[in-house]
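All figures in this text were calculated on a predicted structure; none of them were measured in a lab. What's counted below: heavy atoms across the whole structure, side chains too, no hydrogens, waters or symmetry copies.
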Amino acid sequence: MKIGIIVIFRNNVDEIDVEAISKNLRFLGDVVVCLVDNKSTDGTLKKLKEIRDSLKGVELIEIKKKSSLETSKRAGARFMYSNYNLDYLGFIDSNSVNSENLNVNEVISLVFNSKDVILNLKKELKQQPVKRYTLFKSIFSVLDFLKKNHLTISFENTFLSAS
């Protein structure tokens, strides 16, 4: 089973730790990552290019005009579905991450340390009634998925947990 993760950025240069993210993305296995830059004006794109250039299997989409979250997700989804045979596609919005008092580096670390839980998503979805989704409605929020599954991790006294 292959899972794609779209990570959407907009002016996050101060929050991106190239070394930490690269370390977490080094061992992707069944996970494909697409970094999306939503017309950042602060150097975010440069850092994302560093990450992409240092790792195999990490894609980068540059949106030339500031767009909504939905438009950014769609751009990433179109690219991912066109280039990879994915079973599931999730997204992480850096602004949502910030509203949880976390940062992108921490969430990416959590995602890749919890890869097995995310890969078990297929079993959980098989137990639910069959629904027909359009391509874009089938994209799940990785942050919501992690909270729903009660995954907790401590980041200097900050916890990500179900509300």
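The shortest non-hydrogen separation linking Ser40 to Phe9 is OG-O, 4.0 Å. Here the closest heavy-atom approach between residue Leu89 and residue Ile5 is recorded as CD1-N, 4.1 Å. Closest of all the heavy-atom pairs between Ile61 and Ala75 is CG2-CB, 4.5 Å. Of all heavy-atom pairs between Ile6 and Met80, the closest is CG1-CG, 4.3 Å. Closest of all the heavy-atom pairs between Asp17 and Asn105 is N-OD1, 3.0 Å.
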* To do: Dump the intermediate steps for side-chain contact (heavy atoms from CB on, under 4.5 Å) on Glu59 and Leu35, then the final yes or no.
  => CA-CA 6 Å; Glu59 305 289 351; Leu35 307 173; over 6 Å; no
* Tell me, with the steps shown, if Val36 and Cys34 meet side-chain contact (heavy atoms from CB on, under 4.5 Å). => CA-CA 6 Å; Val36 177; Cys34 179; 4.1 Å; yes
* I would like to know whether Ser72 and Asn38 meet side chain to side chain donor-acceptor pair (under 3.5 Å); could you show each step before the answer? => CA-CA 7 Å; Ser72 298; Asn38 186 1; 3.2 Å; yes
* Asked: Can you check side-chain contact (heavy atoms from CB on, under 4.5 Å) on Ile3 and Leu86, steps first, answer last?
  -> CA-CA 6 Å; Ile3 291 181; Leu86 299 172; over 6 Å; no
* To do: List the steps, then state whether side-chain contact (heavy atoms from CB on, under 4.5 Å) holds for Ile92 with Leu143.
  => CA-CA 7 Å; Ile92 300 169; Leu143 200 57; 5.8 Å; no
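Side-chain atoms of Ser22 come within 3.5 Å of backbone atoms of Val18 as a donor-acceptor pair (strictly under, hydrogens ignored). Formation of a donor-acceptor pair under 3.5 Å by the Ser67 side chain with backbone atoms of Lys65 is found in this model. The closest donor-acceptor contact from the side chain of Asp93 to the backbone of Leu69 lies at 3.5 Å or more, if one exists at all. For Asn24 (side chain) and Ala20 (main-chain N/O), a donor-acceptor pair under 3.5 Å exists by modelled atom type.
The salt bridge (charged side-chain N to carboxylate O under 4.0 Å, His left out) analysis of residues 32-46, with sequence neighbours excluded, yields no pairs.
Between atom CD of residue Glu106 and atom CD of residue Glu15 there is a gap of 10.0 Å, rounded to the nearest 0.5 Å. In this structure, NZ in Lys56 is found 15.5 Å from CG in Leu25, a value given to the nearest 0.5 Å. We find the CZ-OH distance between Phe79 and Tyr84 to be 5.5 Å, quoted to the nearest 0.5 Å.
A side-chain N or O of Ser94 and one of Asn12 form a donor-acceptor pair less than 3.5 Å apart.
In the hydrophobic cluster analysis, where Ile, Leu, Val, Met, Phe, Trp and Tyr join through side-chain heavy atoms closer than 4.5 angstrom, Leu60 is grouped apart from Val13.
Atom CG of Asn85 sits in a sparse spot, with 12 or fewer heavy atoms from other residues, nucleotides or ligands closer than 6.0 Å.
The residues Lys47 and Glu50 are annotated as not salt-bridged, no charged nitrogen and carboxylate oxygen being separated by less than 4.0 angstrom. Using a 4.0 Å cut-off between charged nitrogen and carboxylate oxygen, Glu62 and Lys64 count as a salt-bridge pair.
Two residues are said to be in side-chain contact when any heavy atoms from C-beta on lie closer than 4.5 Å; Thr41 and Asn11 meet this criterion.
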